Amino acid sequence: MSKSTFIIAEAGVNHNGSLSIAKQLVDAAADAGADAVKFQTFNADKLVCAGASKADYQVNNTGNDESQRDMLRKLQLTESEFAELKEYCDKRGIMFLSTPFDVDSLKFLLSIGITMVKVPSGEITNFPLLREIGKSGLKVILSTGMCELDEVARAVDTLRKYGTKEIIVLQCNTEYPTPFRDANIRAMLTLGETTGCEYGYSDHTMGNDVAIAAVALGASLIEKHFTLDKNMEGPDHIASIEPEELKSLVNSVRHIEEALGSGIKTVSDSERKNIAVARKSIVAKCHISKGDIFTENNLTTKRPGTGVSPMLWRDIIGTAAGRDFDEDELIEL
């Protein structure tokens with residue numbers, strides 16, 4: 001992964017079970033300049049028990065007339081559709097990612113050539129899945145929503161034990177949308193320090209402000225849900241950004257990366273020319289004749305900064321003028 005922030009456009013299930021919409025999401029992510037577009041690969045019957053209820057945000061966004069399993073069944077893509085989607089991403093020049101929610105889904109994604117694996121927050125305590133992901137040897141992105149620090153540590157240890165070499169841990173909150181007070185992006189730093197991993201942020205807040213702030217704090221990866229239209233039916237659309245907002249996020253992140261700089265305090269090339277204009281020199285406050293003594297009363301400081309620096313003020317006070325100086329004339333030693 002490059003030193004620049006890796007930006008994942010999280011399409012998730014915002015395709016609503018349509019391959020056509022999924023491809024439109026790929027186009028939008030590629031056009032916005034994201035590094036990767038990510039989906040979710042699952043079998044609803046393997047993921048959810050028949051009687052499992054929806055999360056509150058899912059009820060708010062889709063109603064309560066169906067079970068979580070029935071809702072998710074409508075949001076699935078088939079393996080052949082995912083294979084086609086992977087090929088489409090390759091053609092568009094954007095990395096294809098998808099989150100596996102079970103071992104069979106992981107094996108399928110490995111079979112079509114994924115190069116990184118995303119562990120969603122809900123699977124961070126799923127030992128059988130973590131074990132198989134570790135065995136893949138691929139780089140892992142680990143979301144940590146709903147987690148205590150010790151749970152994150154156990155997941156990281158499990159992945160490493162079974163073969164994972166590289167892990168990026170993401171601070172995450174799984175409320176959709178996440179209240180700003182609960183974003184806690186500083187927790188990224190704690191995650192990085194305690195696990196020894198790269199760190200980033202999976203953002204479910206409204207707008208782009210928090211994701212941009214996370215980059216300023218050092219996130220190596222940003223993930224953000226996006227959709228073609230927030231008004232579409234489905235559980236995640238309302239907490240997602242639209243294509244123009246995604247473009248804005250990518251541009252802002254790239255600007256922040258430039259602005260962070262090297263950390264070395266020095267004069268930049270762009271401002272060097274302004275030194276003479278903005279700084280001051282020691283100048284004659286009034287007419288000074290040759291031989292007069294320089295004093296606080298006959299000297300002052302004014303722009304431009306092309307003469308003697310005022311930092312030499314104490315060295316000049318009390319010395320004699322070597323020639324006549326008119327008012328506002330730069331003093332020469």
Side-chain angles (χ1 to χ4, degrees), residues 1-15 18-40 82 84-99 109 112-118 120 138-141 143 166 168 170-172 177-178 183 185 188 198-230 232 236-262:
M1 188 172 293
S2 66
K3 292 183 180 179
S4 62
T5 308
F6 195 79
I7 301 175
I8 298 177
E10 169 65 271
V13 294
N14 282 343
H15 50 71
S18 164
L19 178 60
S20 175
I21 294 175
K23 288 183 176 180
Q24 292 177 59
L25 287 163
V26 171
D27 289 334
D31 292 343
D35 296 294
V37 58
K38 191 178 78 64
F39 297 91
Q40 296 175 6
F82 272 120
E84 186 174 339
L85 201 54
K86 166 68 166 58
E87 291 181 2
Y88 191 72
C89 287
D90 292 343
K91 290 178 182 178
R92 284 304 319 263
I94 187 170
M95 182 184 291
F96 168 87
L97 292 174
S98 192
T99 298
L109 290 171
I112 63 172
I114 58 168
T115 55
M116 287 194 288
V117 183
K118 168 68 187 297
L138 296 182
K139 187 164 189 171
V140 172
I141 304 165
S143 269
E166 295 182 85
I168 303 179
L170 304 185
Q171 166 60 2
C172 178
T178 295
I185 53 177
M188 293 188 309
E198 289 185 67
Y199 58 85
Y201 182 60
S202 179
D203 186 28
H204 299 136
T205 62
M206 299 297 283
N208 290 334
D209 294 349
V210 177
I212 293 168
V215 174
L217 281 177
S220 65
L221 184 151
I222 291 293
E223 179 181 79
K224 184 74 174 177
H225 273 271
F226 83 109
T227 180
L228 299 177
D229 185 345
K230 293 178 184 179
M232 293 174 69
D236 297 340
H237 294 285
I238 196 169
S240 303
I241 57 175
E242 294 180 343
E244 286 304 313
E245 294 173 291
L246 180 60
K247 288 181 183 179
S248 177
L249 174 61
V250 172
N251 288 336
S252 294
V253 168
R254 300 308 177 215
H255 293 162
I256 290 296
E257 289 168 348
E258 282 191 278
L260 285 172
S262 67

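Every heavy atom of this structure was used, including side-chain atoms; hydrogens, water molecules and symmetry mates were not. Everything numeric in this text was worked out from a predicted model, so none of it was measured.
- Closest approach of Gly200 and Ala219 over heavy atoms only: CA-CB, 3.8 Å.
- For the pair Asp203 and Lys224, the tightest heavy-atom approach, listed with the atom from each and the gap, is OD2-NZ, 2.7 Å.
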- [ ] Could you walk me through whether Met232 and Asn14 pass the side chain to side chain contact (heavy atoms under 4.5 Å, CB included) test, one step at a time?
- [x] CA-CA 9 Å; Met232 293 174 69; Asn14 282 343; over 6 Å; no
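- Note that OH of Tyr201 is 12.5 Å distant from CD1 of Ile212, once rounded to the nearest 0.5 Å.
- The ring-ring contact (aromatic ring centres under 6.0 Å, His included) search around His204 returns Tyr176, His225, not counting sequence neighbours.
- Contact check for Met116 versus Ile141: side-chain heavy atoms found under the 4.5 Å cut-off.
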For this session: Please report the C-alpha distance between Lys139 and Thr115 in whole Å, then the side-chain angles of each, then the deciding distance to 0.1 Å, and finally whether the side-chain hydrogen bond (donor to acceptor under 3.5 Å, both in side chains) criterion is met.
Result: CA-CA 7 Å; Lys139 187 164 189 171; Thr115 55; over 6 Å; no
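- Taking both residues in full, the closest heavy atoms of Leu246 and Ala29 are given as CD2-CA, 3.9 Å, listed atom of the first, atom of the second, then distance.
- A distance-only check finds a donor-acceptor pair linking the side chain of Glu245 to the backbone of Glu242 [under 3.5 Å].
- Using modelled atom types, no side-chain atom of Glu223 and backbone atom of Glu10 make a donor-acceptor pair closer than 3.5 Å.
- Counting all heavy atoms, side chain and backbone alike, Thr227 lies closest to His237 at OG1-ND1, 2.7 Å.
- Side chains of Asn208 and Ser252: a donor-acceptor N/O pair is absent below 3.5 angstrom, by distance only.
- Scored by the side-chain hydrogen bond (donor to acceptor under 3.5 Å, both in side chains) test, Asp209 finds no partners at all (sequence neighbours excluded).
- If you run side-chain contact (heavy atoms from CB on, under 4.5 Å) between Val37 and each of Leu97, Ile8, Val26, Asp27, only Val26 comes through.
- For Lys38 (side chain) and Met95 (main-chain N/O), no donor-acceptor pair under 3.5 Å exists by modelled atom type.
- Take Glu84 and apply the side-chain hydrogen bond (donor to acceptor under 3.5 Å, both in side chains) test, not counting sequence neighbours, and it matches Lys23.
- Within the 4.5 Å cutoff, side-chain heavy atoms of Phe96 are placed close to those of Ile112.
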